[in-house]
J.: 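Take a look at this one; I'll ask things after.
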Amino acid sequence: MKWLDEFIERKARAVAQQTSRRSALLRIGRVLVGTAFVLPVLPFDRSPRAQHGAVDDGKHDPLDPQRCEYWRYCALDGHLCTCCGGTITSCPPGTEPSSVTWIGTCHNPEDGKDYLVSYNDCCGSASCGRCFCNENEGERPGYRMGVHNDINWCMGNESSVYHCTVSVILGQSGSAGG
Amino acid sequence: MKWLDEFIERKARAVAQQTSRRSALLRIGRVLVGTAFVLPVLPFDRSPRAQHGAVDDGKHDPLDPQRCEYWRYCALDGHLCTCCGGTITSCPPGTEPSSVTWIGTCHNPEDGKDYLVSYNDCCGSASCGRCFCNENEGERPGYRMGVHNDINWCMGNESSVYHCTVSVILGQSGSAGG
Amino acid sequence: MRATTILSGGLALLLGLGAARAELGPEKLTINPLKPATPHRIYLTDLVLGHVIDGRIHVIDGDSFDYLGLIPTGLFGLTALSNDSSEMYVATTYYTKRNRGDRFDLFEVYDTATLELEAEVEIPAKHAQALPYKGTLTSTSDGRFVLIQNSTPASSISIVDRPAEKFVAEIDTPGCWIMLPSASNARRFSTLCGDGTILTITLDETGKAASQQRSGKLFNAENDPLFVQAESIGDTYYFVSYEGMIHEINLGGETAVTEATWSLLDAADRDGHWKPGGYQLLALDAKAGRLYVGMHDEARDGSHKFPAKELWAFDINTKKRVQRIEGSNSIAMSLSDEDEPYLYVYDGMTTEFVKYETLPALKPVARSGPFGEFAGLIELH
Amino acid sequence: MRATTILSGGLALLLGLGAARAELGPEKLTINPLKPATPHRIYLTDLVLGHVIDGRIHVIDGDSFDYLGLIPTGLFGLTALSNDSSEMYVATTYYTKRNRGDRFDLFEVYDTATLELEAEVEIPAKHAQALPYKGTLTSTSDGRFVLIQNSTPASSISIVDRPAEKFVAEIDTPGCWIMLPSASNARRFSTLCGDGTILTITLDETGKAASQQRSGKLFNAENDPLFVQAESIGDTYYFVSYEGMIHEINLGGETAVTEATWSLLDAADRDGHWKPGGYQLLALDAKAGRLYVGMHDEARDGSHKFPAKELWAFDINTKKRVQRIEGSNSIAMSLSDEDEPYLYVYDGMTTEFVKYETLPALKPVARSGPFGEFAGLIELH
């Protein structure tokens, strides 16, 4: 995927140009103009840095639950509750777990087994906005609602305002249901 | 203001490191991770790029009304309506001008005169979020409300939801009031 | 310090300044009229997940790429232009206390000539709080009835009588999703179901379901599901599957009928694991007979929302690829409504638009600045 | 494709899985209890101007810099911890239809042990939709009455009886701004006025104004205005002016009295045009007798909100500078409430926190990741 490389390089060059640009210096008499290396938050940017979270230092540890690459998040589309005051399986204080949910199946690299994971949303506060991830293994359109993630699973709660998403293991995949 | 230079250089280096980093390549099999050169939107970042707007190419033309450096904006703290579907003196469609306002005094480089400028807000829709500027010439704390800009001048409207700010010339400064 | 002589309530004090000998002003504060629409006016629906109560539609001039204004859409608002583009429809959720209190849902009509609210209709508080895919909100072909996808997560459809500004019916559609109106029958629409069938619903003149007919199994929802975004010529809808099969399905009759299926891929494409991907990944030029699809290689389970590495153009008569071109990371695309249409593509990485000429061949001709934060649906006026 | 056998409503179907021979799980979904507060817990008030209906307070562990949770504050919410930090107060605006409909304002109490809403009180729909400067919302020294700044833009103050959970009075304070409670008199507070006077208000036991006394002119609002953020030792408030003068003013009596004024600047500082700047630009360590101020050079008209190029430390007894150190672009700062306090500084350029040791001297010891989008007020638990 050369396009990604090129994109990165282009941005790096753009920043470098900005650094050396004489006009940047001219603006120093005013406030903070030169700091605007702001790229928009991308709908598909899986990096925790995208919306403030763990620093994206280039590692992608499948055992670090504050990163999109964490193995349980293989079909998680939303903000990681681990970056929002919750844990892998608990909602942040001040929020409510969703009453309905959908299911993914993820491979645990530690024991080599596949697990069924419930992607509950946490609801009712303002959106957390941190550590956005967009993983879609086994995800299907809305006519397969039980495995669909482009919808707000807070929909059944008293307040359906989305905050973040947890990943709760329901059991091993091979041994049931599948 | 050496700190600004250093900040720019530091960020450029960080980006450069990310570009060359082997691990970035590893992630390419996944989606778009490497694009996260996202810095937060700063409260004091005067660049239109900060919240999507005119490209910050390093120019700071006091006659370009989509830039914070435009002369009339010398005390404007908010989103430029010129980036939001309005003009220098008109609110974007779907919004309402504020019923109350505050006053700045700005120097017009074209005729060398000072003008009184009314910084009306436009109100009632969702916040525009583009071209944030933070200029404070002659600005005073809230006990001088008529020259205070850390407040929502949509406050008197039926809907006080802030959208953007215009700058309407009331007259020359020397010839009245002053 | 220049301005301190102006006391609190400065404007009132200064209204007499008109007489001052100013070279500029005094000026009048007005509301900017919206520039008349062109076929290149873009509506970009932005869910703003990080501030999810504050969604909006960005209205953008697709020639100058000026920002023209916005329409607020609130919490997971669904959006769609009316058939004649004179109105923007929004179905959204409110709470009596912003993010708490009691929920109520409204269907709202905005005038696309002014961006002002024209009408609002209370609807069952179950509109689908979904990514606003095309077809989650739509109209019958005559514009009389507006169809709104619900989810609790049980699926149903709310029917609004547009001229009467009234909610008239709710139709249960368990396990089905998306609404696809028939062009030839203004009371008919269909919906895709999780067992691979298509359910066709015909309304009576009051908007209630007069009949519901389920097709046989037309697609494999398990192994090769159809993306829900579909484009049509007359009653024939073009769907694309995860594996790159085009399904041409006629939705004009009482029961949906497959007219043709064909593959986007040749042997070399399969070797490279090329697959379709994105959110709004298809565009169809009925007049020229061209179909455009966003494609990426090295596809794997879960890559079906990947941005386009390439755009592929097909001749729908010969069912052959006629062009492949760099894809601008498209995650959403739409053709302008004109004889020689432009294809507008939304770059999911930079959030910029890329404008392509389409005839005789795709050719990028302009790129915008960035717009939006969490967007994946484009409509053109 | 691994998960497609799970039908819609997958959870219900799977509840029996507890018995499966899984190495992990089944797990229980819970709500994470908030980590007990420490003196290093940070509350960062974020106005989110770009999505202004969606303000919030970020709650952050100032040691690990973990994100602990948030408190929603809505449209231009004012925020303040209760005197004992057990509660977070919010005064905010609602509309019956998110950004339209009828306005109503609420005073809300959140439990800082759980981040849950404990109480809400309707207040006049005129709370100041201002940047949440310290002092726009505060409590009397015994915590009985909560004081809320109003602006229409005419200035007034709403008084809420906290234990009774009741709005009890509105006091007009034309041309005045910010509330500064007296430590020694639990019914007394003062406010800065645009003519350079200070108005001192004494409440009766019902929360109504029993007396209002205006001082003489204590500062020059025209040529050297005071920043509204002030820090206190007992009844003595330390203000700093745009030009770098410290005003020590006693607000314990019926009428405000200046106790001392002195300059932060020496001749060389004046040559370099050093001036104070920021939003929350002062911190005061009563025990050590240290005052910290954010300073920038090359100051000009309009630079008074500039981030700190340096932090300067003063001995308030000798009124001499004892240290200057790189300022981490501070736009807001706060000291932890402990014997040897840390100074937390919010970097307005990177939106990161920098933690400084303060004794024997300022020394940066840690830096956080980024937090917030449009923030300028810190409180420490």
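First the proteins, then the strands, lettered A, B, ... as listed; each starts at 1.
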J.: Do D:F76 and B:C154 have side-chain heavy atoms sitting under 4.5 Å apart?
T.: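 No, side chains not in contact.
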J.: Under 4.5 Å heavy-atom distance to chain B, tell me which part of D:S151 shows up: side chain, backbone, both or neither.
T.: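 Both parts, backbone and side chain.
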J.: By a 4.5 Å heavy-atom criterion (distance strictly below it), what part of D:S155 contacts chain B: side chain, backbone, both, or neither?
T.: neither
J.: Heavy atoms, side chains only, cut-off 4.5 Å: are D:Q129 and B:V161 in contact?
T.: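 No, side chains not in contact.
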J.: Determine whether B:H163 and D:V52 make a side-chain contact, defined as any pair of heavy atoms from C-beta on separated by less than 4.5 Å.
T.: no
J.: Search all heavy atoms of B:S159 against all heavy atoms of D:N99 and return the closest pair with its distance.
T.: OG-O, 2.7 Å
J.: Would you say the side chain of D:P225 lies within less than 4.5 Å of the side chain of B:R140, judging by non-hydrogen atoms?
T.: yes
J.: Where on D:L226 is there a heavy atom nearer than 4.5 Å to chain B: the side chain, the backbone, both, or neither?
T.: both
J.: Salt bridge or not between B:E158 and D:R100? Use side-chain N to carboxylate O under 4.0 Å.
T.: no
J.: Among side-chain atoms of D:T191 and B:Y143, is any donor-acceptor pair under 3.5 angstrom?
T.: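 Result is no, nothing qualifies.
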J.: Side chain, backbone, both or neither: which part of D:L75 has an atom under 4.5 Å from a heavy atom of chain B?
T.: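 The side chain, not the backbone.
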J.: Check this for me: does any side-chain nitrogen of one of D:E222 and B:R144 sit under 4.0 Å from a carboxylate oxygen of the other?
T.: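 Salt bridge flag = yes for B:R144 with D:E222.
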